[in-house]
Amino acid sequence: MALKVRRQRTRMALRHEKRVLKKAEITLGREGTSEAARFPEVRAEIVALKKLEQEQKEFAVRIAQIEEALKQLDQQRQENSRTQSAVIAKLEEEKRPLVEARNEAKTAADNCGRELSAVDGRLTANEASDQALLKKISALQATTPPPDDLQAQLDQIAAERARLPNEKAQIAQARLGSAEACRAAKERLNAAEAAVAAADKNIAQVRSEFEARDRELNESSRAQQEEVRQARQQHQVVEEKKNPAYLNIGRHLATAGIAPPSAPHLLTDVQRHRSAVENHQSHWRELEELSSRIDKQELRKFYFAVVSVLVLLAIVLPLASQSPAKRDWLPQDTVAIFSLNPNAIANSAVAKSWQKEQPQMWQRIFQGLAGSAIQTPALNLARDSDRVTRAMTSDTDNRAQEYVLVETSGDIGPVLRAISKDQSFAQTTVSGLVVWQRGDVALARVGPKTLAVGSSAEVDQLVEVRLGMEPDLKVDSPLLKKFQTFDPDGGLRLIARTPNDLTRFFGRILPTELLNSSTLLGLSVTLGTPSKGHLFVRQNDSAAAKQLAASLAKEPARWLTLPNSDFVLSTATPKVEQSDAEVDVRFNIPESAARLLLQRLARVEPAP
């Protein structure tokens, strides 16, 4: 594989040096064409170059003509723009008096209209007054009995009516004058608007003519630009056609060692790149020779091994990613699991104060919590272990059995070496796994950092469970599945699938009424200031769970009292959550209640 990588790198470097050498030879040939005239071998290239240069000159002349035409078109466009601006400005200046005359005519027409409206309003008011006087006369004549001054009122109304016709005639005469003035004003307005419209039309026509001229010039300019682009492209193509001739001339000059007087460094560059190409080619031939000596059969075996490893990884990695997480291998008939973190318990405030006040009592408590794990040789549980797991079972005769697993915090090698060197331990094997036994204590390694500790029969069964010879507690079992949800670093964890059996393995830690009504019960305790508790209870149905949750919230002392004592696990109202048939209760534990709970879990009678 290293040889293949070296060959690939050499191939890439050789390809790069060849490209650079070719460019250097072309540059040398371009600069040294005059010196190459003495070589008859490159006479054909010089003739071809002259033809190509002539063709390039024609293209250059064409490009110059087109560029000149573009300059003229640009000047015409600028002249057209200036002329358009001048003509439009002149027309706008001529239009300005017409617009002013139209505005004046419009103002006069509006004034006439308002005056005519006022005269019409006076005429309407005159007629309305005459009608009102007639109604007043009718009302007076209809009055019974008639008023005393009836004749005087009628005479007064008649005098007012006699005045109205004269006013109406004057108003009518004024209306005729106003109407005539409005007609004349509208005629003047129409004439002014017609003149303005004609001026606008003339301006629009002139602007369209100039814009058409500008579009024509733009089209011509674009056509000329496209033509000059094509001419330059053809000029570049001809220039590239000269490269083979320059290349041949440059190679002859480099071979003869002739450098152009104007650029002598070009010959040095070509010679340097030729040397680099020869070195890479030599290295490539050496690598080819080494590759040819390799046994093809061995190479095929190597490739087969690599492919096989890749195929195995493709198979193993998905299986490894889907394998269950690290867990304890416990017997299938486990009815209760008790786990403790010795390091967390020993360093808690409750343990330190208790050890300071009653060291012997605390030692008994710790030994009772650890069970058979306390007999593990060459291991300090409080310092060198992360977890102790105790699994409780019942046999056919209803006798309790216990299986203990100890998980170390560091390397398990020193412990195993110490046990191996101890002559008091006898070694046996169970299906290939070594079991050490001394008196009534046996232990075996069942994991990378896990020891099985207990009696010989218990350890042998744990080894068989670990090897798959005996059924184990599956990860999807409700007991183990719920047990894994508790915080493993908290301190204590306890779960039972038959809560009534807890009194057989431990002391009385919860009321009998709660144990009898539960189908699955778990308890987690984190020792601290204050200590925290997490109680999980599964009932027969959601109705019973709802009733239990309500009762826990209202009267927690009924359900969280340590039996046969005055201590309550929670003096404050706990946090209760209910989901279907499950109830979760979280609460703070007083230190005195935490001490009594540890005593009963360790099955140690309290001191007087």
Cut-off 3.5 Å, side chains only: do [X] and [Y] have a donor facing an acceptor?
X	Y	value
Q225	R222	no
Q78	D74	yes
R274	Q271	no

Please report the closest heavy-atom contact between [X] and [Y], naming both atoms and the distance.
X	Y	value
L492	I345	CD2-CD1, 3.3 Å
R102	A192	CA-CB, 3.4 Å
A452	L462	CB-CD1, 3.6 Å

(message) By the salt bridge (charged side-chain N to carboxylate O under 4.0 Å, His left out) test, which pairs, at least two apart or in different chains, include something from residues 233-243?
(response) R30-E239, E239-K242
(message) Considering only residues two or more places apart or on different chains, which pairs with a residue in residues 308-317 satisfy salt bridge (charged side-chain N to carboxylate O under 4.0 Å, His left out)?
(response) none
Would you mind reporting whether [Y] and [X] have side-chain heavy atoms less than 4.5 Å apart?
X	Y	answer
R387	N341	no
L266	L253	no
E470	Q332	no
L330	L405	yes
F587	L535	yes
E79	Q76	no

State which residues pass salt bridge (Lys or Arg N to Asp or Glu O under 4.0 Å) with [X]; sequence neighbours excluded, sorted by chain then number.
X	result
E104	none
R7	E288
E180	R183
R15	none

Taking NZ, NE, NH1 and NH2 as the nitrogens, is one of them in [X] or [Y] under 4.0 Å from a carboxylate oxygen of the other?
X	Y	result
D269	R272	yes
E219	R215	no
R122	D120	no
K90	E93	no

Can you list everything that forms a side chain to side chain contact (heavy atoms under 4.5 Å, CB included) with [X]? Sequence neighbours excluded, please.
X	result
V119	I171, R175, S178
E298	D295, K301
S348	V350, A351, L527
R6	H283, L287

(message) Please check: side-chain N/O of T255 versus main-chain N/O of R251, any donor-acceptor pairing under 3.5 Å?
(response)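 Judged by distance alone, yes, a pair lies under 3.5 Å.
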(message) For K23, is there any backbone N or O sitting under 3.5 Å from a side-chain donor or acceptor partner on T27?
(response)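 Yes.
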(message) I need the N243 CG to N248 CG distance, nearest 0.5 Å.
(response) 12.5 Å
(request) Given side-chain hydrogen bond (donor to acceptor under 3.5 Å, both in side chains), test Q230 with E226 step by step and report yes or no. (result) CA-CA 6 Å; Q230 293 178 358; E226 180 64 22; 3.2 Å; yes
(request) Among N80, N218, T83, find the residue that satisfies the side chain to side chain contact (heavy atoms under 4.5 Å, CB included) test when tested with R213. (result)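 One option only clears the test, and that one is N80.
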(request) Just grab all the side-chain hydrogen bond (donor to acceptor under 3.5 Å, both in side chains) pairs involving residues 190-212, residues at least two apart or on different chains. (result)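 For residues 190-212: K95-D200.
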(request) Scan residues 575-587 for pairs that pass side-chain hydrogen bond (donor to acceptor under 3.5 Å, both in side chains), counting only residues two or more places apart or in two chains. (result)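 Applying side-chain hydrogen bond (donor to acceptor under 3.5 Å, both in side chains) to every pair that reaches into residues 575-587, excluding sequence neighbours, yields H534-D584, R538-E582.
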